[in-house]
> 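Can you keep this structure in mind? I'll have questions shortly.
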Amino acid sequence: MTPSPELTAADRGANSEREWFEDLRLERHAFTIRRTRREGKIAYEWSGEITDPPPLRESGKLDRAQCLEIYRFLLMNRIMEQQLENLYKQGQVVGGVYFGLGQEGNSVASAYALDAADWMAPMIRNQGSLLVRGFAPRDVMMQYMAKAGSPTGGRDGTSHYGDLGPRRMISPISMLGDLIPVMGGICMGERLQGRNVAAMTWIGDGGQSTGVFHEAVNFAAVQNLGLVLVVENNLWAYSTPLNEQAKVADLALRARGYGIPAVMVDGTDVLQVYDACRGAVERAHGGGGPTLIESKLMRMKGHAIHDAAAYVPPDLLEFWRRRDPILRFEGYLQQKSWLTAEAKQRLAAEVEQFMLAERAAAEASPMPDGNTALSGVYCEPGCHAVQPRFEAAAPALEAANGSANLTAVEGDAPHLR
Amino acid sequence: MLLTYVDAIRQALAEEMRRDPAVFLLGEDIGIYGGAFKATAGLVDEFGPLRVVDTPLAESAIVGAAIGAAYTGMRPVVEMQFMDFIACCFNQITNFAAKSHYRWGAPVPMVIRGPVGGGVHGGPFHSQNPEMYFAHTPGLKVVEPATARDAYGLLKSAIRDNNPVLFLEHKYLYRRVKDEIAEDGPATPLGLAAVARPGRDLSVITYGAMVHLAVETAAALAAEGIDAEVLDLRTLAPLDRAGIVATAKKTNKVLILHEDTRTGGIAGEITAILQEEAFDDLDAPILRLTSADTPVPFSPPLEAAFLPSAEGLKAALRRLARY
Ligand SMILES: Cc1ncc(C[n+]2csc(CCOP(=O)(O)OP(=O)(O)O)c2C)c(N)n1
Ligand SMILES: [Mg+2]
């Protein structure tokens with residue numbers, strides 16, 4: 001097996017000259033995907049070398065307990081998606097199922113970098129982030145099954161739900177890109193109440209082509225809002241490869257055009273993802289404005305369950321199969337002697353058991369009563385209280401960029417309570 | 001205080017901002033410049049640049065940010081420089097804000113306000129009446145005041161409402177109509193029409209700048225012995241069905257007048273409501289007078305041909321009175 005091409009000292013030198021840009025990666029993913037004609041058919045062709053990845057990049061920010069907690073979320077994420085696939089095959093899912101296979105490390109580690117007072121909004125593949133933020137696997141399952149007990153009572157599907165309460169999660173809508181300005185607005189609203197928070201969301205290599213992406217990142221930059229935007233560059237947008245989506249191969253470079261910092265990470269390295277996101281979250285808490293993080297990874301299944309992804313060259317999948325984020329993280333835990341073979345087995349069995357119970361609970365939920373469809377179009381008096389919470393020491397509203405006098409939010413991750 | 005329509009809007013904004021620290025404004029050129037029509041003049045001096053936010057030229061980002069801020073408990077009021085530009089953020093309004101409460105129980109207490117309408121030779125992109133795109137979308141409220149007093153009172157209610165409200169200000173009225181308005185006066189409830197002129201013989205159901213055309217035309221027709229009632233809808237979503245039915249039952253003859261174009265205008269919806277709820281009370285076919293089904297043309301003679309006219313309204317009302 002060939003070792004992967006590592007970043008050279010020259011690369012790093014070039015990067016360090018650019019203060020706004022940080023590259024945490026330990027390897028370059030050197031391959032190309034081109035459109036060619038083969039036996040009369042147009043198809044995508046891969047060229048490159050199938051290499052093995054380096055060990056993970058040591059974080060220094062995460063201790064053993066945190067790493068094991070992340071590992072548990074990773075297992076839950078993967079097993080939950082296997083359950084969803086089973087439910088679909090049994091005809092229990094309404095509509096399709098979306099998977100984050102190969103992207104679990106990115107979803108879990110990024111969300112894990114948030115504090116309880118921060119906000120988050122998932123995209124469709126970030127099902128691990130829902131678990132980190134405190135939703136149960138049964139919620140995810142019921143939502144796909146359109147059950148009465150689902151977080152939206154069957155009114156919407158997939159990852160389209162949220163919680164303005166303790167989980168501080170905004171529901172996405174299907175239209176890609178539209179979540180980004182909303183997350184900026186979260187920071188604006190919180191700042192007006194005297195707090196600097198981080199608001200994290202994700203966008204794909206496809207979604208970053210939208211006009212609203214540009215509007216929103218520029219807006220957050222000008223307004224100095226604590227947006228943490230993770231661009232999940234998984235090389236495909238449905239069937240469209242990256243090079244037909246953007247002329248730059250490194251989407252992190254776009255940050256330069258907005259005057260904001262960018263970090264590039266290997267999205268299959270949990271520790272890099274965490275470090276980049278935690279750095280961005282802390283910058284937001286300090287009133288330092290938005291950060292763009294490009295996470296390079298690969299969508300390991302089709303766009304959704306109906307899509308066999310026959311357009312993806314098999315070697316490309318093989319290249320990334322060797323970069324399974326969970327296996328790579330397991331390797332790290334074992335090398336640290338934080339996870340014995342026995343502990344691993346015990347944990348896997350425990351999660352499996354838990355997931356079966358969650359699934360049973362989801363299956364037991366009834367379908368919604370059709371009559372419930374007609375209410376709740378408007379928020380009527382008495383239905384929801386809209387209550388801002390102004391800090392006792394109101395911020396000086398005249399403060400130049402709005403952030404200097406504000407209190408940063410204390411670190412208190414919800415999953416560690 | 002005797003306030004013009006635009007001054008009444010500024011007065012309502014200032015009073016709501018003083019009353020509730022959750023209210024803040026965002027839009028293009030609304031700070032030091034005071035807005036394209038000066039609706040926010042001087043507010044940045046009182047409330048500072050964090051509550052009167054000059055934004056980049058980016059309607060989707062502005063409305064998106066307002067939605068986000070609303071989720072945290074704030075009450076953002078967005079200014080569209082011209083309501084024509086609302087097309088640029090259609091998705092944020094109809095898909096993000098409008099469906100939020102229904103889908104996941106998250107209210108969006110946000111107002112989007114700005115100038116609509118023609119008669120000022122603004123051409124195809126500075127004269128439109130976009131209300132029906134939004135009145136058709138469940139979850140939105142759509143308001144259009146015709147008087148300074150209603151501009152003041154309805155804007156207060158719109159800001160206090162927990163739903164996304166589109167607040168359409170007719171730019172022809174900004175400096176042409178005035179009312180005596182008391183400081184810290186009452187809010188006017190949304191969803192209720194008002195009788196702008198009582199009458200016995202027939203009803204003109206209308207809103208916005210057309211209320212004035214209707215009231216003036218009714219006064220002229222009084223000399224001919226036609227006593228017209230004018231109902232000002234004030235809110236297009238949710239519609240005051242009871243108010244609409246009440247005027248029809250009173251006069252038994254209805255004409256619906258709007259500056260919006262004809263096909264898919266609110267006149268069609270009101271006609272259907274009357275068929276459903278007041279069919280037996282009608283003594284004449286329901287008539288409608290609207291703008292033509294074209295873009296809003298620029299040149300004054302073309303725009304005059306496009307808009308409903310006093311002469312056209314008189315002729316239609318005489319015809320209705322003859323039944
Ligand atoms: C504005 C918009 N256009 C089209 C779609 C349909 N659509 C859903 S997902 C998708 C591909 C998204 O690719 P990417 O942003 O790279 O995210 P990924 O699926 O790879 O995670 C498309 C075209 C959409 N949801 N929103
Ligand atoms: Mg993609």
Side-chain angles (χ1 to χ4, degrees), chain A residues 119 151-153 155-156 160-164 170-171 173-175 177-193 197 199 211-212 214-220 222-223 225 375-381 383-390 394-400 402, chain B residues 20-24 26 47-76 88-89 91-92 94-110 137-141 160-164 191 237-238:
Chain A
W119 291 79
T152 60
R155 289 175 175 220
D156 205 343
H160 290 181
Y161 51 101
D163 175 19
L164 295 183
I170 300 300
S171 165
I173 64 171
S174 288
M175 293 70 196
D178 274 289
L179 203 47
I180 309 172
V182 173
M183 298 314 281
I186 292 275
C187 298
M188 214 172 184
E190 288 276 16
R191 183 169 72 190
L192 280 159
Q193 293 165 57
V197 299
V212 70
H214 164 72
E215 284 196 21
V217 177
N218 184 59
F219 189 100
V222 169
Q223 282 289 326
L225 305 171
S375 64
V377 171
Y378 287 126
C379 178
E380 308 287 357
C383 117
H384 286 94
V386 173
Q387 271 168 335
R389 292 179 302 113
F390 290 92
L397 291 178
E398 309 286 341
Chain B
D20 182 356
V23 180
F24 76 107
L26 61 173
F47 300 103
L50 284 186
R51 286 182 75 194
V52 182
V53 183
D54 269 325
T55 65
L57 194 164
E59 282 73 15
S60 287
I62 296 168
V63 173
I67 295 169
Y71 284 146
T72 71
M74 301 298 288
R75 294 188 177 273
C88 301
C89 49
N91 205 35
Q92 289 289 336
T94 60
N95 281 322
F96 223 115
K99 297 173 176 50
S100 179
H101 185 265
Y102 181 81
R103 291 194 309 113
W104 64 290
V108 181
M110 164 180 75
T137 302
L140 300 177
K141 295 192 176 181
R160 296 173 195 181
D161 201 282
N162 279 355
N163 297 281

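Computed from a predicted model, the values in this text were never measured in an experiment. Labels below follow one simple rule: chain letters A, B, ... track the order of the sequence lines, proteins then strands, and each chain is numbered from 1.
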> Report which part of A:Asp156 has an atom under 4.5 Å of a heavy atom belonging to chain B: side chain, backbone, both, or neither.
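For A:Asp156, side-chain heavy atoms alone lie under 4.5 Å from chain B.
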> How far apart are the closest heavy atoms of B:Arg75 and A:Val386, and which atoms are they?
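Minimum heavy-atom separation between B:Arg75 and A:Val386: NH2-CB, 3.7 Å.
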> What part of B:Pro76 lies closer than 4.5 angstrom to a heavy atom of chain A: side chain, backbone, both or neither?
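For B:Pro76, neither part sits under 4.5 Å from chain A.
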> For B:Ala22 versus A:Pro388, what's the shortest heavy-atom pair and its separation?
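Minimum heavy-atom contact is CB-CG, 3.8 Å.
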> Applying side-chain contact (heavy atoms from CB on, under 4.5 Å) to A:Arg155 and B:Tyr102, what does each step give before you reach the verdict?
CA-CA 8 Å; A:Arg155 289 175 175 220; B:Tyr102 181 81; 2.8 Å; yes
> Check B:Ala237 against A:Tyr378 and note the closest heavy-atom contact, atom names and distance.
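Smallest heavy-atom distance, with atoms named: C-OH, 3.9 Å.
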> Chain B heavy atoms under 4.5 Å from A:His214: which part of the residue, side chain, backbone, both or neither?
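Answer is neither: A:His214 stays 4.5 Å or more from chain B.
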> Show your reasoning for whether side-chain contact (heavy atoms from CB on, under 4.5 Å) applies to A:Met188 and B:Val53.
CA-CA 10 Å; A:Met188 214 172 184; B:Val53 183; 3.7 Å; yes
> Whether B:Arg103 engages the ring of A:Tyr161 as a cation-pi pair (distance to the six-membered ring centre under 6.0 angstrom, angle to the ring normal within 45°) should be assessed.
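Cation-pi check for B:Arg103 and A:Tyr161: fails.
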> Over all heavy atoms of both residues, which pair between A:Cys379 and B:Asn162 is shortest? Give the atoms and the distance, please.
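That closest heavy-atom pairing would be SG-CB, 3.7 Å.
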> Which atoms of A:Ser375 come close to chain B, meaning under 4.5 Å heavy atom to heavy atom: side chain ones, backbone ones, both, or neither?
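A:Ser375 touches chain B through backbone heavy atoms alone.
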> Can you tell me which portion of B:Phe96 sits under 4.5 Å from chain A's heavy atoms? Options are side chain, backbone, both or neither.
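Both parts, heavy atoms under 4.5 Å.
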> Between A:Ala385, A:Ser174, A:Ser171, A:Gly177, which has the largest tally of heavy atom pairs under 4.5 Å with chain B?
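Of the options given, most contacts go to A:Ser171.
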> Output all residues satisfying side-chain hydrogen bond (donor to acceptor under 3.5 Å, both in side chains) with B:Asp20, sequence neighbours left out; order by chain, then residue number.
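Partners of B:Asp20 under the side-chain hydrogen bond (donor to acceptor under 3.5 Å, both in side chains) test: none.
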> What part of B:Lys141 is in contact with chain A, defined as an atom under 4.5 angstrom from a non-hydrogen atom: side chain, backbone, both or neither?
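For B:Lys141, the contact with chain A is made by backbone and side chain together.
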> Side chain from CB out, backbone as N, CA, C, O: work out which of these in B:Pro138 comes under 4.5 Å of a heavy atom of chain A, or both, or neither.
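For B:Pro138, backbone and side chain are both near chain A.
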> side-chain hydrogen bond (donor to acceptor under 3.5 Å, both in side chains) with B:Thr72: which of A:Gln387, A:Arg389, A:Arg191, A:Gln193?
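Running side-chain hydrogen bond (donor to acceptor under 3.5 Å, both in side chains) over A:Gln387, A:Arg389, A:Arg191, A:Gln193 with B:Thr72 returns exactly one hit, A:Gln193.
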> A:Cys383 versus chain B, heavy atoms under 4.5 Å apart: side chain, backbone, both or neither?
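For A:Cys383, the contact with chain B is made by the side chain alone.
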> As a quick check of understanding, evaluate side-chain contact (heavy atoms from CB on, under 4.5 Å) for B:Leu50 and A:Leu192, giving each step before the final call.
CA-CA 7 Å; B:Leu50 284 186; A:Leu192 280 159; 4.1 Å; yes
> Rounded at 0.5 Å granularity, tell me how far CD in A:Glu190 sits from OH in B:Tyr71.
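Going from CD on A:Glu190 over to OH on B:Tyr71, the span is 14.5 Å.
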> Tell me, out of B:Pro56, B:Gly139, B:Gly64, who's got the most heavy-atom pairs with chain A below 4.5 Å.
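Option with the top pair count is B:Gly64.
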> Sort B:Ile62 into side chain, backbone, both or neither according to what part of it lies under 4.5 angstrom from a heavy atom of chain A.
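The answer is both parts of B:Ile62.
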> Below 4.5 Å from any heavy atom of chain B, which atoms of A:Ile180 appear? Answer side chain, backbone, both or neither.
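Interface part for A:Ile180: neither.
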> Looking only at heavy atoms and a cut-off of under 4.5 Å, which of B:Leu26, B:Leu140, B:Asp161 has the most pairs with chain A?
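Most heavy-atom pairs within the cutoff with chain A belong to B:Leu140.
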> Which is it for A:Leu164 and B:Trp104 under the side-chain contact (heavy atoms from CB on, under 4.5 Å) test, yes or no, and what are the steps along the way?
CA-CA 10 Å; A:Leu164 295 183; B:Trp104 64 290; 3.8 Å; yes
> Measure B:Asn163 against the heavy atoms of chain A and call it side chain, backbone, both or neither at under 4.5 Å.
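Side chain only.
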> Shortest non-hydrogen contact from A:Pro181 to B:Gln92?
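Closest pair (atom of A:Pro181, atom of B:Gln92, distance): CG-NE2, 3.5 Å.
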> Going by side-chain contact (heavy atoms from CB on, under 4.5 Å), name the residues that satisfy it together with B:Ala97, two or more places apart in sequence or in a different chain.
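side-chain contact (heavy atoms from CB on, under 4.5 Å) check on B:Ala97 returns B:Ile67, B:Val108, B:Met110, B:Pro164.
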> Does B:Ala106 offer a backbone N or O that forms a donor-acceptor pair with the side chain of A:His384 under 3.5 Å?
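It does not hold such a pair.
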